[in-house]
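Following: one structure in structure tokens, then a few remarks.
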Amino acid sequence: MLNYPMLTVIMPVYNTADYLPRAFDALLNQEEDNFKLIVVDDGSTDNSAEVIKKYQSKFRYFKFIQQENQGPSAARNKAMEFLDTPYFTFHDGDDWTDPGYTAFFIRAFKKYPQCDLVCCGYYINTEKGKQHAVGTFDADEITKEEAYLKMTNVFGSPVKGYSWNKAYRTEIVKANNLQFDPDIALLEDQIFNVKYTSLARSVYFTQTPYYHYLQRKGSIIHQPNLKKVKDNFRGNYRVWQHILKSVSAECKEKQAEKKMKLREDRK
């Protein structure tokens, strides 16, 4: 008998019917196939729902949720209401993964029990078939301050602010009622990750790529509009507001510990 899964993969879907078979087939080909999959169809107007239903019976643990279009943040938040595994990650409907994707997260949490956030490397793929791995090989356990720098690095960081190359502890999200900000359409991943990291003990990352991020013109993030310009400013403000608040709290805590130690030494 299989043990209950340790990991949940959350997939928000909006009009990605042409890409879903590749995403699902890759998840069916995982080395560690004992995981849960929660798919939220966020009001798709194509035949995404039909594709999802065709694959539903192929997975051991599969939950399908349909809702009116509210955006990816609302879709992720809805899925998180149903989390009951120790760890979870995210997966976009037009991307796909290598066979070691789910196994990496589960192994990393077991190997580094003091880490509350685990990050893997990723490829950037184009619709013309081009592919390259981001960053140079590196792997390490890092502090939350170091994680902030890697999340906000606009250049070759293998961490960045994405949610699909990271896995989280469900208990931290539940205990602190963490959610994605539904009122913003840009940097919502980074905001969530900064809030989560402020509550984490430490972070483990590797540049080894397990996730394929497809950059396509038709995706929501690559459709320019004035709201995104505004959201970019709002998103960066929220990111750095949380970072500065977290760093300040850490400094005060360390100062308090230092004062306490000095008092004990004087006794």
Side-chain angles (χ1 to χ4, degrees), residues 2-13 23-24 26-28 30-42 52 55-56 59-65 67 71-93 95-122 147 151 159-182 188-206 210-211 213:
L2 283 172
N3 293 324
Y4 196 73
M6 300 292 289
L7 179 74
T8 294
V9 178
I10 292 175
M11 183 185 295
V13 169
F24 288 140
L27 288 173
L28 286 169
Q30 291 296 299
E31 296 168 3
E32 173 53 73
D33 62 357
N34 189 29
F35 62 90
K36 295 188 73 171
L37 180 58
I38 301 178
V39 181
V40 181
D41 180 16
D42 189 42
I52 295 167
Y55 277 88
Q56 190 166 2
F59 290 87
R60 287 195 181 95
Y61 303 96
F62 191 107
K63 185 172 185 61
F64 178 32
I65 302 167
Q67 65 180 27
S73 289
R76 294 184 184 116
N77 290 340
K78 171 57 69 175
M80 288 194 293
E81 293 178 13
F82 299 91
L83 285 171
D84 61 358
T85 58
Y87 321 120
F88 70 97
T89 185
F90 296 95
H91 188 309
D92 285 352
D95 297 335
W96 69 100
T97 56
D98 281 353
Y101 178 68
T102 55
F104 163 74
F105 289 130
I106 295 171
R107 285 199 308 264
F109 275 119
K110 289 180 178 179
K111 186 176 181 180
Y112 303 95
Q114 71 280 11
C115 291
D116 294 321
L117 180 65
V118 172
C119 316
C120 72
Y122 61 96
M151 286 179 184
V159 176
K160 294 296 269 300
Y162 304 119
S163 59
W164 36 248
N165 68 327
K166 298 174 179 64
Y168 313 81
R169 291 188 186 272
T170 300
E171 61 181 346
I172 291 178
V173 170
K174 296 280 190 182
N176 296 278
N177 194 30
L178 289 182
Q179 292 188 324
F180 288 81
D181 292 3
E188 71 277 7
D189 288 28
Q190 196 170 87
I191 296 168
F192 178 85
N193 282 316
V194 166
K195 288 191 290 187
Y196 181 92
T197 302
S198 70
L199 301 166
R201 290 168 294 177
S202 64
V203 177
Y204 175 76
F205 82 96
T206 179
Y210 293 101
Y211 191 93
Y213 169 40

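- Of all heavy-atom pairs spanning M80 and Q179, the tightest one is CE-CA, 4.1 Å.
- The side-chain hydrogen bond (donor to acceptor under 3.5 Å, both in side chains) check on N77 picks up nothing, with sequence neighbours excluded.
- Under the rule for a side-chain hydrogen bond (donor to acceptor under 3.5 Å, both in side chains), E32 has no partner lying at least two apart in sequence or in another chain.
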Q: Decide side chain to side chain contact (heavy atoms under 4.5 Å, CB included) for F24 and F59; before the verdict, give the C-alpha distance in whole Å, the side-chain angles of both, and the deciding distance to 0.1 Å.
A: CA-CA 9 Å; F24 288 140; F59 290 87; 4.2 Å; yes
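- Within 6.0 Å of NZ on K111 lie no more than 12 heavy atoms contributed by other residues, nucleotides or ligands.
- Counting only distance, with no hydrogens or angles, the side chain of K166 and the backbone of Y162 share a donor-acceptor pair below 3.5 Å.
- Between D42 and P12 the shortest side-chain heavy-atom distance does not fall below 4.5 Å.
- Judged as a side-chain contact (heavy atoms from CB on, under 4.5 Å), and not counting sequence neighbours, the contacts of P5 are N34, K36, Y61, T85.
- Side-chain contact between V203 and M151: absent, with no pair of heavy atoms (C-beta onward) separated by less than 4.5 Å.
- Considering every non-hydrogen atom in both Q56 and F62, the closest pair reads CG-CD2, 3.3 Å.
- Legend: residues meeting side-chain contact (heavy atoms from CB on, under 4.5 Å) with K63, ordered by chain and number and at least two apart, are I38, I65, F82.
- Scored by the side-chain hydrogen bond (donor to acceptor under 3.5 Å, both in side chains) test, T206 finds T208 as partners (sequence neighbours excluded).
- The OG1 atom of T170 lies 11.5 Å from the CG atom of L178; values are rounded to the nearest 0.5 Å.
- Looking at I10 and L83, their side chains come closer than 4.5 Å, going by heavy atoms from C-beta outward.
- We find the SG-CG distance between C120 and D98 to be 9.0 Å, quoted to the nearest 0.5 Å.
- Here the shortest heavy-atom pairing between A23 and M11 reads CB-CE, 4.2 Å.
- Checking side-chain atoms of D33 against main-chain N and O of L28 turns up no donor-acceptor pair under 3.5 Å.
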(Q) Before you tell me yes or no, could you show the steps for V9 and F105 under side chain to side chain contact (heavy atoms under 4.5 Å, CB included), namely the whole-Å CA-CA distance, both residues' side-chain angles and the distance that decides it to 0.1 Å? (A) CA-CA 11 Å; V9 178; F105 289 130; over 6 Å; no
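- The distance from atom CD of E31 to atom OG1 of T102, rounded to the nearest 0.5 Å, is 8.0 Å.
- Shown here are the side-chain hydrogen bond (donor to acceptor under 3.5 Å, both in side chains) partners of S202, two or more places apart in sequence or in another chain: E141.
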Q: Report the C-alpha distance between K195 and D181 in whole Å, list the side-chain angles of each, state the deciding distance to 0.1 Å, and finish with yes or no for side chain to side chain contact (heavy atoms under 4.5 Å, CB included).
A: CA-CA 11 Å; K195 288 191 290 187; D181 292 3; 3.1 Å; yes
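- Qualifying ring-ring contact (aromatic ring centres under 6.0 Å, His included) partners for F88, counting only residues two or more places apart in sequence or in other chains: F90, Y168.
- The minimum heavy-atom distance between G161 and D189, with the atom names listed, is O-CB, 3.1 Å.
- Judged by distance alone, the side chains of Y213 and N165 never bring a donor and an acceptor atom under 3.5 Å apart.
- Annotation: the span from D41 atom CG to I52 atom CD1 amounts to 5.0 Å, rounded to 0.5 Å.
- Smallest separation of non-hydrogen atoms from T197 and A147: CG2-CB, 4.1 Å.
- Among residues two or more places apart in sequence or in another chain, the ring-ring contact (aromatic ring centres under 6.0 Å, His included) test is passed with Y211 by H91, Y101, W164.
- In this view, Y112 and Y204 satisfy the ring-ring contact (aromatic ring centres under 6.0 Å, His included) rule, not counting sequence neighbours.
- Side-chain contact between Y196 and D116 is present, with heavy atoms from C-beta onward closer than 4.5 Å.
- Counted by atom type alone, E188 and S73 present zero donor-acceptor pairs between their side chains at under 3.5 Å.
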(Q) Please determine whether side chain to side chain contact (heavy atoms under 4.5 Å, CB included) holds for the pair Y4 and D84, giving the CA-CA distance in whole Å, both sets of side-chain angles, and the decisive distance to 0.1 Å. (A) CA-CA 10 Å; Y4 196 73; D84 61 358; 2.8 Å; yes
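- Judged as a ring-ring contact (aromatic ring centres under 6.0 Å, His included), and not counting sequence neighbours, the contacts of F109 are Y87.
- Looking at residues two or more places apart in sequence or on another chain, you find a side-chain contact (heavy atoms from CB on, under 4.5 Å) between E171 and R169.
- For D92, the salt bridge (Lys or Arg N to Asp or Glu O under 4.0 Å) criterion is met by R76, not counting sequence neighbours.
- Atom CG of residue L37 and atom CZ of residue F64 lie 11.0 Å apart, to the nearest 0.5 angstrom.
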